[in-house]
Amino acid sequence: MRVLAATAENIAEVAAMLRRGELAAIPTETVYGLAGLATDDGALAQIFAAKDRPTFDPLIVHVPAARARLAALEEDGLVSGVASAALVDRLLAAFWPGPLTLVLPRGPRVPDLAASGLPTVAVRSPRHPVAQALLDAAGPLAAPSANRFGRISPTSAADVVAELSGRVPVVLDGGPCAVGLESTIVAVDEAGLRLLRPGGAPAEAIEAVAGTKLVAGGEKIAAPGMLPGHYAPRKRLVLLDGPVASGTTAPAGRLAALLFDPDAAGRLGEVAARVLGPTPEDAARGLFAALRALDACDADLIVAEPCPWPEGLGHAIRDRLARAAHGSSE
Ligand code: TXA
Ligand code: MG
């Protein structure tokens, strides 16, 4: 897999590849994405194959900031017949480009494969200059996170190489991801706003702009990728009820710890540790890299302290940890 610096020349080369229907891994502000033309069945099929992703798990369509208004999305055939137009426009104006994905009624230009045959489509405009340059040059891009299905999402070009080397020809290196967690996914329908996945845009901020509460996603799996065993390390991950106790020891090299208390690390002796924080933003940015590092270290078990922030990004961090723990025990 070629790792290309994000120079103007390389961006132009990758945009040309994408226009020909080839795939490329690209940086976004949330996590790296595996991009292909959103309107090209061949490219979409390659995305599912490269990730080992089941075709019942639909993709997010990324759009350029220049087309990031509801009227433009409708003109471009990506969405159609949105009932709450004023609400959607308000959300787009406040959060795009950025880590908010909206699930809206699907337009005629979105192939069945992108939406897994659903009558809806997930759309977002990413806040990353490299992603935006590619979208300007190639048009709407479908891009799931650039990891193999069920594994930890990549937040650096090196992570993408670890996940997809030999399966995808190229990754554009846009540096480490500034947000570090995937976008928040909200469905807009008759029921109002449903939170399908907590993520980089805090639910409270979305509610403030919408002037209405987000309701929980619902019992049936509205986002099939939101299966409990996502984001899984290879090692077993156990979530603790409280902070790691002072003086915790383990046979050398057997235990690894994901901590939120910066003082805990110094007390742990033989335990490989990664500390997340001090702010929720820092913790979100570092979460997947820390999980990857601990997964690669010489330990049999990873324990994680509870995430200390009840709201905002804390919600998304807890969600990812719970899924990672569930997946690791399967
Ligand atoms: O931050 C992000 O959203 C990243 C970057 C690359 O943009 N992308 C990402 O894609 O996380 P992915 O494929 O890993 O997760 C997309 C989620 C999946 O769980 C999928 O089920 C859900 O979006 N989704 C897509 N279309 C949907 C739809 N029409 N209805 C409900 N859920 C949908
Ligand atoms: Mg993913």
Side-chain angles (χ1 to χ4, degrees), residues 23-36 38 44 47-48 50-63 78-79 95-107 110-128 130-132 134-135 140-155 159-160 163-164 171-172 174 177-189 191 193-201 217-218 220-232 284 288 316 319-320 323-324 327:
L23 303 190
I26 67 167
T28 84
E29 82 282 29
T30 57
V31 301
Y32 275 70
L34 176 57
L44 296 169
I47 290 176
F48 285 98
K51 277 184 60 99
D52 294 330
R53 181 178 177 117
T55 50
F56 62 71
D57 190 3
L59 307 175
I60 295 174
V61 173
H62 296 68
V63 300
L78 300 179
V79 310
F95 291 99
W96 282 14
L100 174 65
T101 294
L102 292 184
V103 172
L104 299 170
R106 171 156 72 117
V110 179
D112 266 343
L113 200 47
S116 301
L118 295 171
T120 53
V121 62
V123 280
R124 91 170 185 105
S125 188
R127 193 171 62 224
H128 194 294
V130 174
Q132 284 295 337
L134 293 168
L135 290 164
L141 296 172
S145 51
N147 49 279
R148 277 167 289 155
F149 186 68
R151 320 257 10 142
I152 302 168
S153 300
T155 53
D159 292 350
V160 175
E163 286 290 323
L164 295 178
V171 55
L172 264 178
C177 298
V179 174
L181 290 175
E182 298 83 353
S183 59
T184 304
I185 304 181
V186 172
V188 186
D189 54 30
L193 297 183
R194 282 183 304 129
L195 178 64
L196 302 185
R197 175 175 76 180
K220 89 175 181 340
I221 303 177
M226 296 299 93
L227 303 170
H230 250 62
Y231 313 103
F288 288 149
D319 170 82
R320 301 305 187 271
R323 291 178 204 282

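All heavy atoms count here, side chains included; hydrogens, waters and symmetry mates do not. We count residues from 1, following the sequence as given. As the structure lists them, so they are numbered: ligands from 1, and atoms in each ligand from 1.
Close contacts between ligand 1 and Ala143 involve ligand atoms 6 (C), 8 (N), 10 (O) [criterion: under 4.0 Å to a heavy atom]. Listed by atom number, the atoms of ligand 1 under 4.0 Å from Ser183 heavy atoms are 1 (O), 2 (C), 3 (O). Counting atoms of ligand 1 from 1 in the listed order, those under 4.0 Å from a heavy atom of Leu196 are 31 (C). Within ligand 1, counting atoms from 1 as listed, the ones closer than 4.0 Å to a heavy atom of Ala122 are 25 (C), 26 (N), 27 (C). Close approach of ligand 1 to Leu118 is summarised as follows: ligand atoms under 4.0 Å from at least one heavy atom of the residue are 28 (C), 29 (N), 30 (N). The atoms of ligand 1 that sit less than 4.0 Å from any heavy atom of Ile185 are 17 (C), 22 (C), 23 (O). The Pro144 neighbourhood of ligand 1 comprises atoms 10 (O), 12 (P), 13 (O), with distances under 4.0 Å to a heavy atom of that residue. The ligand atoms of ligand 1 that sit less than 4.0 angstrom from a heavy atom of Thr120 are 28 (C), 29 (N), 30 (N).
A cation-pi arrangement is present between Arg320 and Tyr231 under the rule of less than 6.0 angstrom and at most 45 degrees off the ring axis.
The CG atom of Leu135 lies 6.0 Å from the CD1 atom of Ile26; values are rounded to the nearest 0.5 Å. The CD1 atom of Ile60 sits 9.0 Å away from atom OG1 of Thr28, with the distance rounded to the nearest 0.5 Å. One distance of note links CZ of Arg53 with OG of Ser145; it measures 6.5 Å at 0.5 Å rounding. The distance from the CG atom of Asp159 to the CG atom of Leu164 is 10.5 Å, given to the nearest 0.5 Å. To the nearest 0.5 Å, atoms CG (Leu193) and CG (Leu102) are separated by 8.5 Å.
Considering backbone and side-chain N/O atoms, Lys51 never comes within less than 3.5 Å of an N/O atom of ligand 1. Residue Thr30 has at least one N or O atom closer than 3.5 Å to an N or O atom of ligand 1. Checked by distance only, ligand 1 and Ser145 come closer than 3.5 Å through their nitrogen or oxygen atoms.
At a heavy-atom cutoff of 4.0 Å, ligand 1 is contacted by the side chain of Asp57 but not by its backbone. When heavy-atom distances to ligand 1 are checked against a 4.0 Å cut-off, Leu59 comes that close only through its backbone atoms N, CA, C and O.
At least one N/O/S atom of Ser145, from backbone or side chain, sits under 2.8 Å from the Mg ion (ligand 2).
In this structure, Glu182 does not pair ionically with Arg124, as no charged nitrogen and carboxylate oxygen lie closer than 4.0 Å. In summary, Asp319 and Arg197 do not engage in a salt bridge, as defined by a charged side-chain N under 4.0 Å from a carboxylate O.
Selection from His62, Arg53, Glu29 by nearest heavy atom to atom 7 (O) of ligand 1 gives His62.
Between Ser153 and Glu163, the side chains place no donor N or O within less than 3.5 Å of an acceptor N or O (distance only, hydrogens not considered).
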